[in-house]
Amino acid sequence: MASLDLVQTLSSNGLPEVPSRFVQPLQRRQPCHGRSSIPVIDLIDLLHKDESCAETAAKALKRACEEWGFFQIINHGIPDSLLEDVRRVVKNFLDLPMEEKLKRPMKFEPYHPTGYGRLFDFSEDTILDWVDVLIHYLSPSALKDPDYWPDKPTNYRESLEAYGNQVINLVKVLMGILSKGLGLESSRLEEAFGGDEAQVVLRVNHYPRCQQPDLVMGLSPHSDGSAMTVLLHDEVEGLQVKKDDAWWMVKPIPGALIVNMGDMMQLVSNGRFMSMEHRAVVSSGTERISIVVFYAPTANAILGPIGIDQHHAIYKSIKYGDYLATYMNKELKGKERINSLLK
Ligand SMILES: O=C(O)CCC(=O)C(=O)O
Ligand SMILES: [Fe+2]
């Protein structure tokens, strides 16, 4: 296959048209309906000493997960200065010369792509998304290959380590509350996903400016294969969520993190917490960077609906590693994968 430059290079080379491999067929260019105010959840309320306040907030969280599967979390406890650091070191990495970034080119291990480059490029027929990515593990230690963490800029590793730990703690708190919301012990979901063996992956999505933004997708419609996903944005719009068959542009709140339920949360909750389809669009005026943490089960976890009479289970059980294998080896296509687990 002839090699095609990464998007950042294509963006800066000044060509009037995007290469044909990025052009989406008309039926895949569904318009956006408008802006949405996805639910806003305040962690201070969720952890409030006043029980009735905490309970009201927990109900709002549960409703957000049932109706949208997406919310923005404010007062999440991760200092603004750390979020700033993370955005800065990631931007500094992306600004390095291509040869430096390609010292860790994308390697496609069976389930675990890691490195810098292009995702989901399976054959010359695959339509490519207008995005370059950097991926590495944050946890567990067996998968956290330090060689795949950029060593430039100098404080990249320190900032991402600190941020990763804080996001993992936040996810655990949210999962504890959602676990109780399903009528389970607060630790039940965390245990189901493998406790400290859960796979936590960082992915930087870099969407450079695009000369023909209406013809391409930044990230094609998909649902996340994870249990929960936490997205740090750069205040640039681009994330769209599909609800009631329409696409809604998320308006990012400065300082907030965007959280969404992944397929594994939909599975274990027997379809109560929704792993919604979403996509990213790009613009001709501004680049966009999203820094995403996927909190996913350990590969050995066998998962199915939890805490219900199995007659009422609408999904089959699956070993997460098998799910991941199909997830990573196919083009992104809406909610095809989780729907394939329906009984
Ligand atoms: O960049 C975004 O807004 C979306 C990222 C995303 O959906 C993903 O990385 O799975
Ligand atoms: Fe996603």
Side-chain angles (χ1 to χ4, degrees), residues 7-8 32 35-36 38 65 68-73 83 86-87 90-91 94 106 111-120 128-138 163-164 167 171 199-210 213 216-243 247-254 256-266 273-283 286-296 323-324 327-328 330-338:
V7 175
Q8 188 176 22
C32 179
R35 283 218 181 86
S36 97
I38 60 170
C65 295
W68 276 95
F70 263 84
F71 54 89
Q72 304 203 53
I73 187 146
L83 303 185
V86 170
R87 280 190 282 251
V90 165
K91 172 79 176 122
L94 295 172
M106 189 61 67
Y111 311 152
H112 309 124
T114 322
Y116 175 76
R118 200 191 298 292
L119 256 192
F120 301 120
L128 298 173
D129 286 336
W130 193 260
V131 66
D132 300 326
V133 299
L134 166 70
I135 303 179
H136 59 76
Y137 276 77
L138 297 170
Y163 177 67
V167 171
V171 167
Q199 306 186 65
V200 190
V201 180
L202 179 98
R203 181 156 115 206
V204 172
N205 296 304
H206 181 208
Y207 309 98
R209 290 188 298 136
C210 180
V216 308
M217 264 301 144
L219 210 54
S220 291
H222 66 283
S223 60
D224 293 345
S226 58
M228 209 186 278
T229 303
V230 178
L231 182 148
L232 171 60
H233 58 76
D234 58 0
E235 299 185 19
V236 178
E237 284 186 352
L239 171 63
Q240 299 184 348
V241 181
K242 194 175 193 180
K243 184 173 190 302
W247 287 103
W248 299 94
M249 181 76 89
V250 174
K251 193 170 166 31
I253 301 173
L257 295 165
I258 300 173
V259 180
N260 67 282
M261 302 295 108
D263 293 347
M264 292 304 111
M265 197 63 107
Q266 182 167 330
F273 298 153
M274 297 303 294
S275 169
M276 297 292 259
E277 211 177 320
H278 53 284
R279 67 183 186 182
V281 298
V282 299
S283 115
T286 330
E287 72 168 356
R288 180 168 173 267
I289 298 166
S290 64
I291 302 167
V292 184
V293 176
F294 299 98
Y295 184 99
Y323 193 73
L324 202 55
Y327 193 88
M328 284 326 233
K330 278 203 196 132
E331 264 182 273
L332 291 177
K333 275 212 192 102
K335 296 204 54 164
E336 221 171 63
R337 298 180 190 92
I338 180 73

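In each ligand, atom 1 is the first atom listed, and ligand 1 is the first ligand listed.
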Just wondering, do His222 and His278 contact through their side chains at under 4.5 Å, heavy atoms?
-> yes

Using a strict 4.0 Å cut-off to heavy atoms of [X], name the atoms of ligand 1 that fall inside it.
{"X": "Phe294", "answer": "8 (C), 9 (O), 10 (O)"}
{"X": "Tyr207", "answer": "1 (O), 2 (C), 4 (C), 5 (C)"}
{"X": "Leu239", "answer": "3 (O), 4 (C)"}

Quick check: does any side chain N or O of Asp129 sit under 3.5 Å from a backbone N or O of Ser220, one acting as donor and the other as acceptor?
->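 Yes; judged by distance alone, with no hydrogens or angles, the pair exists.
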
Check whether any side-chain N or O of Gln266 sits under 3.5 Å from a backbone N or O of Ser275 as a donor-acceptor pair, and report yes or no.
->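 It does hold such a pair.
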
cation_pi(Lys243, Trp68) dist<6.0 Å, angle<=45 |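 Yes, a cation-pi geometry holds between Lys243 and Trp68.
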
Please work out whether any backbone atom (N, CA, C, O) or any side-chain heavy atom from C-beta onward of Arg203 is under 4.0 Å from ligand 1, and answer side chain, backbone, both or neither.
->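 Only the side chain of Arg203 comes within reach of ligand 1.
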
Where on Leu219 is there a heavy atom closer than 4.0 Å to ligand 1, on the side chain, on the backbone, on both, or on neither?
-> side chain

Can you pull out the closest protein heavy atom to atom 5 (C) of ligand 1? Residue, atom name and distance to 0.1 Å, please.
->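 Answer, as residue, atom name and distance: Asn205 ND2, 3.4 Å.
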
Taking salt bridge (charged side-chain N to carboxylate O under 4.0 Å, His left out) as the test, write out the residues that go with Lys251, two or more places apart.
-> none

If you measure from each heavy atom of [X] to ligand 1, is any distance below 4.0 Å?
{"X": "Arg288", "result": "yes"}
{"X": "His233", "result": "no"}
{"X": "Leu231", "result": "yes"}

Of Val236, Val282, Val131, Val281, which meets side chain to side chain contact (heavy atoms under 4.5 Å, CB included) against Arg288?
-> Val236

Passing candidate, side chain to side chain contact (heavy atoms under 4.5 Å, CB included) with Ile38, options Val250, Leu239, Val259, Ile253 =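 Filter result, single survivor: Val250.
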
Can you name the nearest heavy-atom pair linking Gly117 to Met106, along with the distance?
-> N-CE, 3.8 Å

Do you know the tightest heavy-atom contact between Met261 and Cys65?
-> CE-SG, 3.6 Å

Protein-derived N, O or S atoms lying less than 2.8 Å from the Fe ion (ligand 2), waters not counted, sum to 3

Full working for side-chain contact (heavy atoms from CB on, under 4.5 Å) between Gln72 and Ile258 = CA-CA 4 Å; Gln72 304 203 53; Ile258 300 173; 3.9 Å; yes

